Chemist: 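Sharing a structure, written as C-alpha cells. Questions coming.
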Amino acid sequence: MIKRIPGTKDVLPSEIDKWHFIENIVHKIFHNYNYGEIRTPIFEETPLFARGIGEETDIVSKEMYTFNDRGGTSVTLKPEMTAAVVRAFIEHNFDSKQSLNKLYYISPMFRQERPQAGRLRQFHQFGAEVIGSNSPLLDAEIIIIAYRILSSLGLKAILLKINTLGKPLEREKFKNALKEYLYPHFEKLSDDSKKRFSGNILRIFDSKDASDVKIMSSAPNIQDYLSESGIAHFEKVRSVLDKASVPFEVEPKLVRGLDYYTDTTFEILSGKVGSQNALCGGGRYDNLIETLGGKNTPGVGFAAGIERIILALDNENALKLTPEPLDYFIIRLNDDSANAFSVAQHLRDRGFSVELDYLDRSVKAQMREANKLNAEKVVFIGGEEEKDGLLTLKFMKTGEQVSIKPEMISEYKFPAD
RNA sequence: GUGGGUAUAGCUCAGCUGGUUAGAGCACCAGGUUGUGGCCCUGGGGGCCGAGGGUUCAAGUCCCUCUACUCACCCCA
C-alpha cells in the first residue's frame with residue numbers, strides 16, 4: 001500500500017469544516033485591518049531563503065526541501081513566507097505604488113524535520129507582513145491581529161509573550177556581554193548550549209536544561225543594552241497593547257531562531273498542544289528588505305500554524321461546528337428510479353442541496369441515509385399518489401408530511417419550518 | 001541526527017503467568033415495519049494478531065532482527 005509521506009496530512013471531508021472556519025475568520029479579520037491577500041509560488045530559487053533567513057539558521061542548514069530542477073536551477077519549497085513576500089514586494093516595485101503595504105497570506109510551508117505532535121513536514125500558516133514603516137503602532141497592530149484571530153477562534157488557554165532584541169549594533173554588544181558572562185560557566189553548560197555558545201548564543205536563554213536555566217537566571221539582560229529609541233519603541237508597543245486590552249507578558253528570554261528579527265519579537269503559546277506549543281510567532285525585520293536587494297525598508301510580520309491551532313482547538317474542545325444540513329433527500333418508493341434524479345436536478349437547479357440513493361437500497365436504508373445526512377426534508381416519489389400526479393414531502397424534524405404537486409416542492413413550507 | 005514508547009477488525013481497544021475455531025464497543029450491511037429515519041432488538045460481513053526468524057508438543061502472548069507509526073530532544077508554526 002502506498003502511504004502518504006511522513007509528516008504530511010490528508011485533510012478529510014470530516015474535518016474540512018474546521019479549516020473553512022479558520023480561513024473565514026482569517027480573511028474577515030485581515031479585511032477589518034485593510035490587509036490585502038498575497039499568494040506566491042510554492043517554490044523559489046534557493047538563495048532567496050538562504051540569504052533571507054540566514055545560512056546559519058536550522059531552517060536553512062538542515063530543514064529545507066531543496067532540489068535541482070531539470071534546468072539545473074536549485075529550487076526550494078518555501079519553509080516560511082516572509083522572504084517570499086519580500087521578494088514579490090521588491091520584484092513588483094510595491095513601494096513605488098504605495099508607501100505602506102499591508103499584506104497577508106494563507107499557504108502551505110515545507111520543512112524536513114522529524115515529525116512529532118504539532119510538527120509536520122508540510123504544514124500551513126497564515127500570517128502578515130507590513131512593509132514600509134517602522135512605527136511601533138504596526139508592531140502592536142500585528143500582535144493585536146494575531147491575538148484577535150486566535151481568540152476569535154475560541155481559544156482560551158493562550159499566552160502572549162513579547163520581547164525586544166534591539167538594533168543589530170545593540171544586540172552585538174549584548175551578545176558580547178553574554179559571552180563574557182558565560183565564559184567561566186562554559187564547562188557546566190549542556191552539550192547543546194556549548195554548541196549554541198559559538199553559533200547562536202541567544203538561544204541558550206531558551207534551554208530547558210536545569211543547569212543552563214540556573215546559569216542563565218543571573219545572565220545580563222537585553223534591556224540594559226538598548227538605546228533610548230529602542231526603549232521608547234518597545235514602550236510604545238506595550239502601551240498600545242494595553243490600550244487595546246490585549247494581555248501580554250514581557251519575556252526577556254524570548255529569542256527567535258530566525259536571523260532577521262530586530263526590535264520587537266513575540267510568540268503566542270498554547271498550554272494545550274504538547275511540547276511544540278508556539279501557535280504563532282513574529283516580529284520586526286528592519287534590515288531584511290535591504291539584505292534581499294531592495295531599498296532600506298522596515299517591515300514587521302507574523303506567522304501562525306494552522307495545524308497547531310486545530311490541535312489547540314480540539315484539545316480545548318473549543319469548536320462546536322455542526323455540519324451543513326442537507327435541504328432534501330429524494331427517496332424512491334418503487335423500483336422506478338428514472339424520476340429521482342430529475343426531481344433532484346429540479347431542486348438543485350434552484351440552489352438547494354439534494355442527495356438521493358444510487359445503490360438501489362431499501363426505503364428503510366434510504367431513510368437512514370437521509371437521517372444521517374441531517375436532511376431537512378425528504379421527498380418520496382413513485383408511490384400511490386403518483387397516479388394523482390403528486391409527490392409526498394416529509395419534514396424530518398416533526399415527521400409531518402403532505403402530498404403536493406411536483407412543481408410545489410421547492411416552495412412548500414411546514415408550520416415549524 | 002539522538003533517545004523513549006507502541007504495533008490485534010475501517011476506528012478505539014481487551015486478550016491474565018504461552019494452551020482448542022482471536023473478542024468487545026463504535027462504524028458498515030440486512031432484517032424486525034410487503035411505503036418511512038432517529039431509540040431499541042436480532043443477525044451478518046469483515047483479521048496472513050506489522051514483517052522475518054528463533055525457543056517450545058504448542059506463540060497474538062516469550063526472545064532477536066527489521067519496518068512502520070508515535071512522543072520527546074535539537075529547532076520551529
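First the proteins, then the strands, lettered A, B, ... as listed; each starts at 1. Here the structure is a predicted model, which is why all the values come from computation and not from measurement.
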Chemist: Taking the C1' atom of each, how far is B:C49 from B:G4, in whole Å?
Modeler: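 Nearest-Å result for B:C49 against B:G4 at atom C1': 24 Å.
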Chemist: If the P atom of B:C74 is compared with that of B:C69, how far apart are they to the nearest Å?
Modeler: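 Here B:C74 and B:C69 have their P atoms 23 Å from each other.
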Chemist: Can you tell me, in whole Å, how much space there is between the C1' of B:G52 and that of B:U67?
Modeler: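 About 10 Å, rounded to a whole number of Å.
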Chemist: In residues 53-68 of chain A, what residues come within less than 4.0 Å of RNA chain B, judged by heavy atoms?
Modeler: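 When residues 53-68 of chain A is checked for heavy atoms under 4.0 Å from RNA chain B, the hits, listed by number, are A:Asp58, A:Lys62, A:Glu63.
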Chemist: A:Glu385 near the nucleic acid: base, sugar-phosphate alone, or nothing, with a heavy-atom cut-off under 4.0 Å?
Modeler: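 Touches a base.
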Chemist: Which one, B:C73, B:G37, B:A77, comes nearest to the side chain of A:Lys394?
Modeler: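 Shortest atom-to-atom distance from the side chain points to B:G37.
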Chemist: Between A:Arg119 and A:Glu307, does any side-chain N to carboxylate O distance fall below 4.0 Å?
Modeler: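 No, A:Arg119 and A:Glu307 are not salt-bridged.
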Chemist: Select base, sugar-phosphate, or nothing to describe what A:Ala365 touches, counting heavy atoms under 4.0 Å on all strands.
Modeler: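 Here A:Ala365 touches the backbone only, sparing every base.
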Chemist: Determine the interatomic distance between P on B:C11 and the same-named atom on B:U70; round to the nearest Å.
Modeler: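 B:C11 and B:U70 have their P atoms separated by 14 Å.
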Chemist: Please find the pair of heavy atoms, one from A:Asp286 and one from A:Gly299, that lie closest to each other, and give the distance.
Modeler: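 Smallest interatomic distance, heavy atoms only, reads OD1-N, 3.4 Å.
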Chemist: If you measure from CG on A:Leu393 to NZ on A:Lys405, what distance do you get to the nearest 0.5 Å?
Modeler: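 Taking CG in A:Leu393 and NZ in A:Lys405, the distance rounds to 15.5 Å.
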Chemist: Picking from B:C75, B:U36, B:A68, which would you name as closest to the side chain of A:Thr392?
Modeler: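 Between B:C75, B:U36, B:A68, the one nearest the side chain of A:Thr392 would be B:U36.
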Chemist: Give me the distance, rounded to whole Å, that separates B:A51 from B:C13 when you measure between the C1' atoms they each carry.
Modeler: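 The same atom, C1', in both gives a distance of 23 Å.
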Chemist: Can we say A:Lys194 and A:Asp192 salt-bridge, meaning some charged N sits less than 4.0 Å from an Asp/Glu carboxylate O?
Modeler: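 Result for this pair is no, no salt bridge flagged.
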Chemist: Hey, does A:Pro79 reach any base, or is it just sugar-phosphate, or nothing, if we go heavy atoms under 4.0 Å?
Modeler: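 No contact.
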Chemist: Salt bridge between A:Glu113 and A:Lys62, side-chain N to carboxylate O under 4.0 Å?
Modeler: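 A salt bridge is absent here (no side-chain N lies under 4.0 Å from a carboxylate O).
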Chemist: Just to be sure I understand the rule, does A:Glu384 reach a base, reach only the sugar-phosphate, or reach nothing, if contact means heavy atoms closer than 4.0 Å?
Modeler: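 A:Glu384: base contact, heavy atoms under 4.0 Å.
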Chemist: Work out how far the C1' atom of B:U42 is from that of B:G50, and round it to whole angstrom.
Modeler: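 These two C1' atoms come out 36 Å apart once rounded.
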Chemist: In whole angstrom, what separates A:Asp357's CG from B:G35's C1'?
Modeler: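 These atoms are roughly 15 Å apart.
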Chemist: Name the stems with RNA chain B in them: runs of three or more consecutive Watson-Crick or G-U pairs, distances under 3.5 Å?
Modeler: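 If one scans RNA chain B for consecutive Watson-Crick or G-U pairs, the stems found are B:1-7 with B:67-73, B:10-13 with B:23-26, B:28-32 with B:40-44, B:50-54 with B:62-66.
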Chemist: Would you say the base of B:C73 and the side-chain of A:Arg114 have a donor-acceptor pair closer than 3.5 Å?
Modeler: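 Absent.
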Chemist: Can you tell me which residue among A:Glu44, A:Glu129, A:Glu45 is in a salt bridge (charged side-chain N to carboxylate O under 4.0 Å, His left out) with A:Arg87?
Modeler: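 Going through the options one by one, the only one that passes is A:Glu44.
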Chemist: How would you label the contact of A:Arg203 with the nucleic acid (heavy atoms, under 4.0 Å): base, sugar-phosphate, or nothing?
Modeler: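 Counting heavy atoms under 4.0 Å across all strands, the contact made by A:Arg203 is with sugar-phosphate only.
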Chemist: What about A:Glu113, does its side chain sit under 3.5 Å from the base of B:C74 through a donor-acceptor pair?
Modeler: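 A donor-acceptor contact between them is absent.
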Chemist: Got a list of side-chain donor-acceptor pairs under 3.5 Å for residues 22-30 of chain A, not counting sequence neighbours?
Modeler:
from, atom 1, to, atom 2, distance (Å)
A:Asn24, ND2, A:His20, O, 3.2
A:His27, ND1, A:Tyr104, OH, 2.7

Chemist: B:A77 base stacked by A:Phe123? Criteria: ring centres under 5.5 Å, plane angle under 30°.
Modeler: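 Taking the rule of under 5.5 Å and under 30°, the ring of A:Phe123 does stack on B:A77.
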Chemist: Does A:Glu180 CD have over 12 foreign heavy atoms under 6.0 Å away?
Modeler: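 Counting other residues, nucleotides and ligands, CD of A:Glu180 stays at 12 neighbours or fewer.
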Chemist: side-chain hydrogen bond (donor to acceptor under 3.5 Å, both in side chains) with A:Thr392: which of A:Gln401, A:Glu384, A:Glu386, A:Glu385?
Modeler: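 Testing each of A:Gln401, A:Glu384, A:Glu386, A:Glu385 against A:Thr392, the sole residue satisfying side-chain hydrogen bond (donor to acceptor under 3.5 Å, both in side chains) is A:Glu385.
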Chemist: In terms of side-chain heavy atoms of A:Met367, which of B:U36, B:A30, B:C75 is nearest?
Modeler: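 Selected nucleotide: B:U36.
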Chemist: Could you check whether A:Arg196 gets within reach of a base, just the sugar-phosphate, or nothing at all, counting any heavy atom under 4.0 Å?
Modeler: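 Here A:Arg196 touches the backbone only, sparing every base.
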Chemist: Give A:Glu267 one of three labels, base, sugar-phosphate or nothing, depending on what nucleic acid heavy atoms sit under 4.0 Å from its own.
Modeler: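 Nothing, no heavy atom under 4.0 Å.
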Chemist: Categorize A:Leu120 for me: base, sugar-phosphate, or nothing, with a 4.0 angstrom heavy-atom threshold over every strand shown.
Modeler: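 The answer is base, as A:Leu120 lies within the cut-off (heavy atoms under 4.0 Å) of a base atom.
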Chemist: Identify whether the distance between the nearest side-chain nitrogen and carboxylate oxygen of A:Lys377 and A:Asp417 falls below 4.0 Å.
Modeler: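 Between A:Asp417 and A:Lys377 there is a salt bridge, with a charged N closer than 4.0 Å to a carboxylate O.
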Chemist: Hey, are A:Arg148 and A:Tyr33 close enough side-chain-wise for a donor-acceptor pair under 3.5 Å?
Modeler: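 Judged by distance alone, the side chains do pair up.
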Chemist: Heavy atom of residues 396-417 of chain A under 4.0 Å from RNA chain B: which residues?
Modeler: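 Per residue number, the list reads A:Met396, A:Gly399, A:Gln401.
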Chemist: Quick one: which of B:G37, B:U36, B:A68 gets closest to the side chain of A:Leu333?
Modeler: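 Nearest to the side-chain atoms of A:Leu333, counting from C-beta on, is B:U36.
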Chemist: Apply ring-ring contact (aromatic ring centres under 6.0 Å, His included) to A:Tyr328 and list each qualifying residue two or more places apart in sequence or on a separate chain.
Modeler: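 ring-ring contact (aromatic ring centres under 6.0 Å, His included) check on A:Tyr328 returns A:Phe352.
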Chemist: Closest to the A:Phe380 side chain: B:A72, B:G38, B:U36?
Modeler: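 The listed nucleotide nearest to A:Phe380's side chain is B:U36.
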Chemist: Would A:Tyr412 and A:Phe414 count as a ring-ring contact (aromatic ring centres under 6.0 Å, His included) here? Give the steps.
Modeler: CA-CA 7 Å; A:Tyr412 190 85; A:Phe414 290 90; 5.0 Å; yes
Chemist: Pick base, sugar-phosphate or nothing for A:Ala370, based on heavy-atom distances below 4.0 Å to the nucleic acid.
Modeler: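 No contact.
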Chemist: Between B:U56 and B:C63, how far apart are the two P atoms, rounded to whole Å?
Modeler: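 The same atom, P, in both gives a distance of 16 Å.
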Chemist: Give the nucleotide from the list B:C29, B:C75, B:G38 with an atom nearest to the side chain of A:Arg119.
Modeler: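 Minimum distance to the A:Arg119 side chain belongs to B:C75.
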Chemist: Answer with base, sugar-phosphate or nothing: what part of the nucleic acid does A:Gly383 contact at a heavy-atom distance below 4.0 Å?
Modeler: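 Base contact.
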Chemist: Please determine, for the side chain of A:Arg256, which listed nucleotide (B:G35, B:A77, B:C69) has the closest atom?
Modeler: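 The nucleotide sitting nearest to the side chain is B:A77.
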Chemist: Do the side chains of A:Glu355 and A:Arg348 get close enough for a salt bridge, i.e. N-O under 4.0 angstrom?
Modeler: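 Salt bridge flag = yes for A:Arg348 with A:Glu355.
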Chemist: Is any NZ, NE, NH1 or NH2 atom of the basic residue among A:Arg39 and A:Glu37 found under 4.0 Å from an Asp or Glu carboxylate oxygen of the other?
Modeler: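 A:Glu37 and A:Arg39: salt-bridged.
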Chemist: Using the P atoms only, state how far B:A9 lies from B:A22, rounded to an integer number of Å.
Modeler: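 Between the two P atoms, the distance is 14 Å.
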Chemist: Ion pair present between A:Asp206 and A:Lys253, side-chain N to carboxylate O less than 4.0 angstrom?
Modeler: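 Salt bridge flag = no for A:Lys253 with A:Asp206.
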Chemist: For A:Glu15, is there an ion pair with A:Lys18 - N to carboxylate O distance below 4.0 angstrom?
Modeler: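 A:Glu15 and A:Lys18: not salt-bridged.
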Chemist: Once each nucleotide of nucleotides 41-47 of chain B is scored for protein heavy atoms under 4.0 Å, what B/S/- sequence comes out, 5' to 3'?
Modeler: -------
Chemist: For A:Leu279, answer base if it contacts any base atom (sugar-phosphate contacts may also be present), sugar-phosphate if it contacts only those atoms, and nothing otherwise; contact means non-hydrogen atoms under 4.0 Å.
Modeler: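 Sugar-phosphate only.
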